[in-house]
Amino acid sequence: MYTSHGMEAIAVGYASALERDDVIAPFHRDMGAFLIRGFTPGEILAQYLGKRTGPSKGKDGNVHMGDLKRGMISFVSHLADNLPVATGIALAFKIRGERRVAFTGTGDGGTSRGDFHEAMNFAAVRKLPVVIFCNNNQYAYSTPQRLQMAIHDVADRAKAYGMPGEIVDGNDVAAVYVASNRAIARARAGEGPTFLEFKTMRMHGHSEHDPAKYVPHELLEEWKKKDPILKAEQLLIQLGYGDAAYFQEIGERVKKEVEAGVEFAEQSPLPEGPEVLEGVFAEEANRY
Amino acid sequence: MTTETVQRQQEVTYLEAISQALDEEMTRDERVFLMGEDIGTYGGAFKITEGFLQKYGEWRVLDTPLAESGFVGAAIGAAMMGLRPVVEMQFADFISCAFDQITEVAAKNHYRWGAAVPMVIRAPFGGGVHGGPFHSECPEGWFFHSPGLKLVAPSTPYDAKGLLKAAIRDPNPVLYFEHKFLYRRIKAVLPSEDYIVPIGKADVKRAGNDISIITYGAMVHLALEAAQVLEKEGIDMEVVDLRTLIPLDKETIYGSVRKTSKAILLHEDNKTGGIGAEIAALLAEECFDCLDGPILRIAPPDTPVPFSTPLEEYFLPKVSDIVGAARKLAAY
Ligand SMILES: Cc1ncc(C[n+]2csc(CCOP(=O)(O)OP(=O)(O)O)c2C)c(N)n1
């Protein structure tokens, strides 16, 4: 299980900037995007428990869920695989003359794969309405950025493809929103793709099993102060959108929703063994 | 004779049949579009899409960067959004660069989350053209083992056209293996009306009673040639052209072997782990009772496809290999 701990602002920021009929091919730490697209805690937990009521009906687990009707493409483990796919989604929009946008991204590690580069290049050559981001949390599993690439800013890579690359504070939801909005507007206006580097820090192990002892303690301490949720709360209080009591109330409401989700997921049936045989081939194409 | 009947009776090559299928499907359905290297201005390395750019424009005939994984991935995305991409591999050999997108994304998509991927990848494959190790491969075996893909490999102009149309209309990812050796070597008169060859149906290209030879692609013609030689010796071969490799038409395969009681599996892909090995296992499981002799395989040795003429001739199955195997089996 991959958490978005310390990186929550990214998916929440970009998914809020998109229109409903835009399509997201999310990264494996983008739970916020699923929630914004209407995936309920019950559905999500059912997915994680391998229940039939999850979006993958037990065929896949973890954050590997999607729904074409809600414009969410299921994540593929092979990092960066969905980047070329997102360029094709944008290509379909462009061919049909629709003003829709595809939004996708990968981690700092994922940008080392060929598919990242092939997608960046194709998107730029054909001026596709797609936004590609990197959420640079400084580590890929245990591998620090300096062993992943010889550059300091992933955004530099955009230049090589002839598209703008922007560095964004990934822990500031407002900054993520504003930068995403700008990139989306560019894409929608037919001006082509944008690359966004969201600088952030993974505040948890790579996944649940990993204590991440390879991350220097001081680094975590430094980034703790930049916690995106606290930062967002401070901003909203400052702007007069709420106070401490209001956030406490939200916290309680969310807790109740999650508890109801847990109950739904736990009570949901598991699939039956023979269901393994279903769905290898499609009987008809999706109506979408 | 009217001009119409003259036209109708005109023979077309295997290559022209593929071209016609693409053209007719693009005219029939505006969602169909093409992607690949040098398919636009140049008309494709083999000229299958010559004139298409002028006819359909640059957004339906897309010249792509040289990046097979990237453009196959893009085709998957476009297919999920409701278009019908047909991707050209310049040579089937380069499909290895797109292996991950095909096996991990396209093949598993519908199973994992119900999103169909109606796309076709055309892969010009096969040897006999002095292409050497990187322009002669038969990569179908790699994908034969990946659930979620359909695989077809036509041997005649009729099947080439009908199967390509069926592939384009299918809601699944279909790998269409077109044999380069056949492109300009075989011709046929095709029906003037629209038709498809259903995916999943083999075709008995020659009925016979003594031995079943089960094959596909260019090897079908080798089997037919061998059958003529063997006929003179009183051995009556049945030539089963699989046409579709996945899903395999087991009914036709079993039906033929139950009739003849003897089976030879012939293919141009390497012997070990090839499609013949799978069919041999199926026959052993399902038709053991009716077999009157060993199941024989004829396939190239486990080497890359070599370049030099004597090496490639040694590598590829020959009529004499089939005749020898048939004589051996006939003795049982
Ligand atoms: C192609 C590929 N190789 C290896 C893995 C195993 N793996 C999963 S996540 C991960 C690290 C990813 O790092 P990064 O892209 O920086 O994203 P992060 O997890 O740090 O958010 C690895 C190596 C994988 N999923 N895909």
Side-chain angles (χ1 to χ4, degrees), chain A residues 23 25 54-57 59-60 64-68 72-78 80-98 100 102 104 113-126 128 130 276 278-288, chain B residues 30-31 33 35 57-60 62-85 87 97-101 103-119 146-150 169-174 199-200 246-247:
Chain A
V23 172
S56 308
K57 302 187 173 89
K59 298 284 181 42
D60 204 340
H64 301 197
M65 54 191 170
D67 179 5
L68 283 179
M72 291 298 281
I73 302 300
S74 179
F75 180 71
V76 174
S77 270
H78 300 50
D81 268 18
N82 266 348
L83 271 56
V85 174
T87 65
I89 290 168
L91 176 65
F93 298 159
K94 181 145 186 165
I95 287 176
R96 288 195 295 238
E98 298 168 353
R100 296 162 71 189
T104 192
R113 274 212 58 225
D115 274 19
F116 168 82
H117 299 274
E118 294 190 15
M120 291 279 283
N121 187 47
F122 186 55
V125 168
R126 288 284 172 174
L128 299 177
V130 61
V276 71
E278 292 168 10
V280 173
F281 291 113
E283 297 297 327
E284 54 180 331
N286 301 71
R287 266 181 263 280
Y288 174 69
Chain B
E30 64 168 14
R31 298 171 304 175
F33 77 104
M35 294 175 85
E58 69 161 334
W59 291 97
R60 289 187 75 194
L62 268 96
D63 272 329
T64 63
L66 200 161
E68 284 75 7
S69 189
F71 65 71
V72 167
I76 294 168
M80 277 198 281
M81 290 300 110
L83 295 183
R84 295 290 180 274
V87 173
C97 296
F99 189 81
D100 172 55
Q101 283 289 341
T103 59
E104 301 306 316
V105 189
K108 294 178 181 173
N109 224 49
H110 186 265
Y111 186 75
R112 295 195 308 114
W113 61 292
V117 182
M119 70 183 286
S146 285
L149 303 173
K150 293 188 179 181
R169 298 176 196 184
D170 198 278
N172 295 284
V174 182
I199 292 177
I246 299 280

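From a predicted model like this one, the values you see are computed outputs, not experimental measurements. Below, chains carry the letters A, B, ... as their sequence lines are ordered, and counting in each starts from 1.
Using a 4.5 Å heavy-atom threshold, the side chains of A:Arg113 and B:Asp100 count as touching. Contact check for A:Leu83 versus A:Asp115: no side-chain heavy atoms found under the 4.5 Å cut-off. Using a 4.5 Å heavy-atom cutoff, the side chains of A:Val85 and B:Met80 are in contact.
Residue contact with chain B, scored on non-hydrogen atoms closer than 4.5 Å, is absent for A:His117. No part of B:Arg169 comes within reach of chain A, as not one of its non-hydrogen atoms sits under 4.5 angstrom from that chain. Proximity to chain A is limited to the backbone of B:Leu149, based on heavy atoms less than 4.5 angstrom apart. Contacts of B:Pro147 with chain A are made by both backbone and side-chain atoms, with heavy-atom separations under 4.5 Å. With a 4.5 angstrom heavy-atom cutoff, B:Lys150 touches chain A via backbone and side-chain atoms both. The contact between B:Asn172 and chain A is made entirely by side chain atoms (from C-beta outward), counting heavy-atom distances below 4.5 Å. For chain B, the nearby parts of A:Ile73 are the backbone and the side chain; heavy atoms of each come within less than 4.5 Å. Residue A:Phe75 touches chain B through its backbone alone, counting heavy-atom pairs closer than 4.5 Å. The contact between A:Met72 and chain B is made entirely by backbone atoms, counting heavy-atom distances below 4.5 Å.
Most heavy-atom pairs under 4.5 Å with chain A: of the set B:Pro173, B:Gly77, B:Gly57, this distinction falls to B:Gly77. Taking chain A as the reference chain and counting heavy-atom pairs below 4.5 Å, the highest number among B:Gly114, B:Pro85, B:Ala78, B:Pro247 is found for B:Ala78. With chain A as partner, the option from B:Val105, B:Ile76, B:Leu66, B:Val72 having the largest number of non-hydrogen pairs under 4.5 angstrom is B:Val105. Ranking A:Glu283, A:Met65, A:Glu284, A:Lys57 against chain B, the residue ahead of the rest is A:Glu284, based on heavy-atom pairs under 4.5 Å. Chain B forms more heavy-atom pairs under 4.5 Å with one residue of A:Val125, A:Val280, A:Leu91, A:Asp81 than with any other, namely A:Asp81. Counting heavy-atom pairs under 4.5 Å between each of B:Pro65, B:Ala79, B:Cys97 and chain A puts B:Pro65 at the top. For the set A:Ser77, A:Pro55, A:Ala282, A:Ala285, the count of heavy-atom pairs under 4.5 angstrom toward chain B peaks at A:Ala282. When each of B:Ala75, B:Ala115, B:Pro118 is checked for heavy-atom pairs under 4.5 Å with chain A, B:Ala115 comes out on top.
A donor-acceptor pair under 3.5 Å links the side-chain atoms of A:Thr104 to the main chain of A:Ala25, judged by distance alone. In this structure, B:His110 contributes its side chain and A:Gly279 its backbone to a donor-acceptor pair below 3.5 Å. Side-chain N or O atoms of A:Lys59 include one that pairs as donor or acceptor with a backbone N or O of A:Glu278 at under 3.5 Å. In this structure a side-chain-to-backbone donor-acceptor pair under 3.5 Å is present from A:Asn286 to B:Ala116. A distance-only check finds no donor-acceptor pair linking the side chain of A:Thr87 to the backbone of A:Val130 [under 3.5 Å].
A:Asp60 meets the salt bridge (Lys or Arg N to Asp or Glu O under 4.0 Å) test with B:Arg112; sequence neighbours excluded. For B:Glu30, there are no salt bridge (Lys or Arg N to Asp or Glu O under 4.0 Å) partners two or more places apart in sequence or in a different chain.
Distance check: B:Phe71 CZ to A:Asn121 CG gives 12.5 Å after rounding to the nearest 0.5 Å.
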